[in-house]
Amino acid sequence: MKTQLHKDIIADPISHACVLNLYLHGERYPQMVSDYFQWDYAPSRELADQLRLHRNDEYKHERLFQKSLEWIDQPSVDLAIGEGFNEVVRSFTPGTFHIVDRDPPGVQRRKLANFLAHAHFLERRVAGSLSYHADACAASGNDLVAKAVAAVIKDENRHVRYTREFVFDLLTRREARETLDVHRRAEAKANLRFAAKQIDRLMNRFRESTPPTRRLLYRLGSVIMEGAVRYA
Ligand SMILES: [Fe+2]
Ligand SMILES: [Fe+2]
């Protein structure tokens, strides 16, 4: 059932492009903020290297989604920062990740750990969503996009793992569990808000489109809502 919905979305280039543009926005988001990959403040070389690699992976993913849009002959769209999932999660996230030189080492560690916990849940969500997408692309004979998405998933799964590991590395076990819990809850609340926003956005944008496209967009909305429950 779910695979069929994804296949239907992919069969319609406009709805497929909507989904790809949302992924693209997520990959670009770190470039829009100043507090994501602050490796200068990492207390170990290992974490600094992971953060740098992570930043470079997201650049690579940005190019892969741009290419994917070209392959389906659709434009890439610059979404406003508030339209993406990251920003919605942050509206439910207490505090800031932004580190300044005068922060004592303990504060620097906590800010880094909070960023990593935030990223962990985002990465987990995107990896899950992309795997449905990759399966549907492969099943629809959309081989180039399927390959690109599979390459992205491989990296995202690594991001899911290392972000969680370093939360435990930076904090005591108890603090790490509490921190992860704060960001798990922020992500779950954001899922519902985001789903509602996306459905509104799609409906407004495609009000004038043909009935089959509109029907597909309603179904896309229901997939987003399902995703909200699945990853909450
Ligand atoms: Fe990515
Ligand atoms: Fe990632």
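Side chains are part of it too, since the values below use all heavy atoms of this structure and drop only hydrogens, waters and symmetry mates. Numbering of ligands and ligand atoms starts at 1, following listing order.
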Legend entry - Which atom of E27 approaches the Fe ion (ligand 1) most closely (N/O/S):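 For E27, the N, O or S atom at the smallest distance from the Fe ion (ligand 1) is OE1.
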Pair [X] + [Y]: basic N to acidic O under 4.0 Å:
X    : Y    : value
R177 : D181 : no
D103 : R110 : no
D143 : K147 : no
E178 : R174 : yes

Legend entry - Heteroatom test (N, O or S) for D57 near the Fe ion (ligand 2), limit 2.8 Å: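 D57 does not place any N, O or S atom closer than 2.8 Å to the Fe ion (ligand 2).
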Legend entry - the Fe ion (ligand 2) to nearest N/O/S of E123 less than 2.8 Å: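 True for E123.
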Inset, instruction - Check H159 and report its N/O/S atom nearest to the Fe ion (ligand 2), by atom name. - result: ND1
Inset, instruction - Would you mind naming the N, O or S atom of E58 nearest to the Fe ion (ligand 2)? - result: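 Output for this pair reads OE2.
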Legend entry - Short side-chain donor-acceptor distance under 3.5 Å, N86 and Y36: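 Result is yes, a qualifying pair exists.
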Inset, instruction - Would you give the angle at the Fe ion (ligand 1) between H61 atom ND1 and E156 atom OE2, to the nearest 10°? - result: 90°
